[in-house]
Amino acid sequence: MTTAQRPGTRSAQPGRAGPSGDEELRAGRVAPRLENPDGTAVQRPHVAARLEDRFDSVLAHVLRRRGWTVRVVGYAGYGSRGKVRVLARTMLASPAVRQQDLPDSGADAQTGERPADAVRGWRSFFTAPVAGAPVEVTIGGTSHRLTTDRGGYVDELVDADLAPGWHDLTLTSLDGARTTTRVVVVGPEPTVGIVSDIDDTVMVTRLPRPFVAAWNVFVRHENAREAVPGMSQLYRELRSARPDSPVVYLSTGAWNAAPAIGRFLRRNDYPAGPMLLTDWGPTNTGLFRSGQRHKVAQLRRLFVELPQVRWILVGDDGQHDPQIYAGAVARHPERVEAVLIRQLTAGEHVLSRGLPTAAPEQEEAEDAADEAPGIPVVLGADGEELLERVRETGLVA
């Protein structure tokens with residue numbers, strides 16, 4: 001077994017923490033890693049982020065004194081051409097809490113693993129993240145040392161020479177707690193994949209009205225969430241000619257909601273695929289992160305890390321999907337196979353933005369994307385209507 005270690009990571013092995021790493025955790029002084037993936041420094045965090053870090057450090061100090069240990073949960077990732085993207089999170093939990101009872105456990109439920117029990121979404125938002133903690137990732141017989149960011153998350157590319165398909169990887173925390181998660185490896189042959197928004201595209205959430213969103217996420221039971229009619233059938237038919245083509249769910253939703261979303265996708269027969277969500281709260285630059293920037297950045301990563309894939313981009317006209325996808329078509333037309341936009345009802349538009357119709361800039365973006373030669377833009381009220389019109393374009397038989 002070999003170990004790959006990033007520059008600047010701690011020498012203490014997960015599960016055999018040395019005095020330095022363990023004492024820093026116990027004292028609540030674990031410093032977040034503040035460098036970019038290439039090792040360059042980032043700017044000093046916003047004051048709100050520094051206050052959040054201080055609160056997390058004090059909380060870690062209190063919980064460690066009470067005997068809580070560092071645990072790790074994994075999220076489904078993807079890979080190709082000798083690399084896989086590892087997604088995980090560390091948190092503090094009482095030794096009496098079972099792995100399957102951790103707040104984010106079951107976040108990869110849609111990948112074919114046994115689904116976790118359904119719970120109300122608020123349970124996943126009350127966690128104690130651990131910044132700067134080492135996590136050992138073992139995949140294909142090789143171990144890699146990674147380090148969590150200021151939110152307690154791991155998001156790294158690691159070397160792994162794996163065959164196409166789904167694979168398990170093992171995650172080990174500082175205190176020796178272990179769990180497994182999955183990654184899907186895309187083969188080198190050219191193929192067509194799906195990038196799908198979640199909110200109001202496959203799941204009726206009526207975002208971004210804050211009170212409605214809070215009710216759906218924190219209070220309403222996940223079994224009561226509504227699926228957009230026909231969308232899962234649309235995805236299955238899009239993949240019928242290419243059953244191994246990748247599906248990625250891209251959303252501005254919080255990682256805390258990943259277990260509930262994963263169980264929803266599985267229950268409603270959506271194809272398995274990794275989710276690319278975000279971390280709510282203060283960032284290095286402000287109080288909140290930009291959802292648009294998150295989606296644009298993740299699309300760029302997919303274009304770079306999976307260059308053999310042309311993507312069918314699926315979203316809705318309730319937020320910024322038309323503008324984001326139009327930008328992708330304008331800058332990377334060779335990477336886009338088609339754009340599918342679900343058109344919200346007048347009532348959904350009112351809940352989403354206070355007006356009964358889509359914003360003019362969204363309609364302009366749809367028109368701009370439609371002008372790209374050879375890239376169809378398909379509009380429909382739900383999956384059934386989109387499927388009917390997709391058949392007319394020849395995307396499916």
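In this structure, Phe303 is not a member of the same hydrophobic cluster as Leu157, with clusters built from ILVMFWY side-chain heavy atoms closer than 4.5 Å.
Counting only distance, with no hydrogens or angles, the side chain of Glu305 and the backbone of Ser80 share no donor-acceptor pair below 3.5 Å. When atom types are taken as modelled, the side chain of Asp382 and the backbone of Glu385 share a donor-acceptor pair closer than 3.5 angstrom. No donor-acceptor pair under 3.5 Å is formed between the side chain of Thr90 and the backbone N or O of Arg71. With hydrogens and angles disregarded, no donor-acceptor distance shorter than 3.5 Å links the side chain of Thr179 to the backbone of Gly74. Using a distance-only test at 3.5 Å, with no hydrogens or angles considered, a donor-acceptor pair links the side chain of Ser173 to the main chain of Val70. Between the Thr69 side chain and the Pro95 main chain, no donor and acceptor come within less than 3.5 Å of each other.
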Could you walk me through whether Asp200 and Val228 satisfy the side-chain contact (heavy atoms from CB on, under 4.5 Å) test, starting with their C-alpha distance in whole Å, then the side-chain angles of each, then the deciding distance to 0.1 Å, before giving a yes or no? CA-CA 7 Å; Asp200 288 322; Val228 175; over 6 Å; no
Evaluate side-chain contact (heavy atoms from CB on, under 4.5 Å) for Val86 paired with Leu171, printing each intermediate quantity in order. CA-CA 10 Å; Val86 177; Leu171 303 166; 4.2 Å; yes
Between Val154 and Val137, is a side-chain contact (heavy atoms from CB on, under 4.5 Å) present by the stated rule, with each step listed? CA-CA 10 Å; Val154 167; Val137 180; 5.5 Å; no
Just do the side-chain contact (heavy atoms from CB on, under 4.5 Å) check on Glu237 and Val390 with the steps written out, would you? CA-CA 10 Å; Glu237 294 212 19; Val390 159; over 6 Å; no
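Under the rule for a side-chain contact (heavy atoms from CB on, under 4.5 Å), the partners of Val248 that lie at least two apart in sequence or sit in another chain are Pro274, Leu276, Leu302, Trp311. For Glu388, there are no side chain to side chain donor-acceptor pair (under 3.5 Å) partners, not counting sequence neighbours. Every residue meeting the side-chain contact (heavy atoms from CB on, under 4.5 Å) condition with Ala258, not counting sequence neighbours, appears here in chain and number order: Tyr75, Ala107, Trp255, Met275, Leu277. Residues forming a side-chain contact (heavy atoms from CB on, under 4.5 Å) with Ser94 (at least two apart in sequence, or on another chain): Trp68, Ala96, Val97. The side chain to side chain donor-acceptor pair (under 3.5 Å) test applied to Ser245 returns no partner, not counting sequence neighbours. For the side chain to side chain donor-acceptor pair (under 3.5 Å) test, no residue two or more places apart in sequence or in another chain qualifies with Glu384. With sequence neighbours excluded, the residues that form a salt bridge (Lys or Arg N to Asp or Glu O under 4.0 Å) with Arg85 are Asp155. Legend: residues meeting side-chain contact (heavy atoms from CB on, under 4.5 Å) with Arg178, ordered by chain and number and at least two apart, are Thr170, Thr172. Partners of Arg236 by salt bridge (Lys or Arg N to Asp or Glu O under 4.0 Å), not counting sequence neighbours, listed by chain and number: Asp269. In this structure, the salt bridge (Lys or Arg N to Asp or Glu O under 4.0 Å) partners of Arg310, at least two apart in sequence or on a different chain, are Glu337.
Atom NZ in Lys83 sits 13.5 Å away from atom CG in Leu306 (nearest 0.5 Å). The distance from atom CG of Asp199 to atom OG1 of Thr252, rounded to the nearest 0.5 Å, is 5.5 Å. To the nearest 0.5 Å, the span separating OG1 on Thr180 from CG on Leu169 amounts to 8.0 Å. To the nearest 0.5 Å, atoms CG (Asp168) and CD1 (Ile139) are separated by 9.0 Å. Atom CG in Leu162 sits 4.5 Å away from atom NE2 in His167 (nearest 0.5 Å). With values rounded to the nearest 0.5 angstrom, Leu395 atom CG is found 14.0 Å from Arg389 atom CZ.
Taking a 6.0 Å sphere around CZ of Arg81, one finds it holds more than 12 heavy atoms contributed by other residues, nucleotides or ligands.
Across Gly318 and Leu344, no two heavy atoms sit closer than the pair CA-CD1, 3.4 Å. Here the shortest heavy-atom pairing between Pro243 and Ser240 reads CD-O, 3.9 Å. The minimum heavy-atom distance linking Val339 with Tyr325 is given by the pair CG1-CD1, 4.0 Å. Nearest heavy-atom pair, Leu234 versus Gly383, reported as atom, atom and distance to 0.1 Å: CB-O, 4.2 Å. Summarising the geometry of Trp166 relative to Ala76, their closest heavy-atom pair is CZ3-CB, 4.3 Å, with the distance given to 0.1 Å. Pro246 approaches Val186 most closely through the heavy-atom pair CB-CG2, 3.9 Å.
You'll find the side chain of Asp244 stays beyond 4.5 Å of the side chain of Pro164, heavy atoms only. In this structure the side chain of Arg66 never reaches within 4.5 angstrom of the side chain of Leu92, judged on heavy atoms.
Salt bridge annotation for Arg342-Asp317: absent, with no cationic side-chain nitrogen under 4.0 angstrom from a carboxylate oxygen.
Listed by first and then second residue, the ring-ring contact (aromatic ring centres under 6.0 Å, His included) pairs that reach into residues 175-205 come to none, sequence neighbours excluded.
Partner of Thr278 under the side-chain contact (heavy atoms from CB on, under 4.5 Å) criterion, chosen from Gln298, Arg293, His294: His294. Checked options Ile341, Val314, Leu386; the residue passing with Val378 is Leu386 (criterion: side-chain contact (heavy atoms from CB on, under 4.5 Å)).
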Side-chain donor/acceptor pairs under 3.5 Å, residues 189-197, sequence neighbours excluded:
unit_1 : atom_1 : unit_2 : atom_2 : d
Ser196 : OG     : Tyr235 : OH     : 2.6
Asp197 : OD1    : Lys295 : NZ     : 2.9
Asp197 : OD2    : Thr201 : OG1    : 2.8

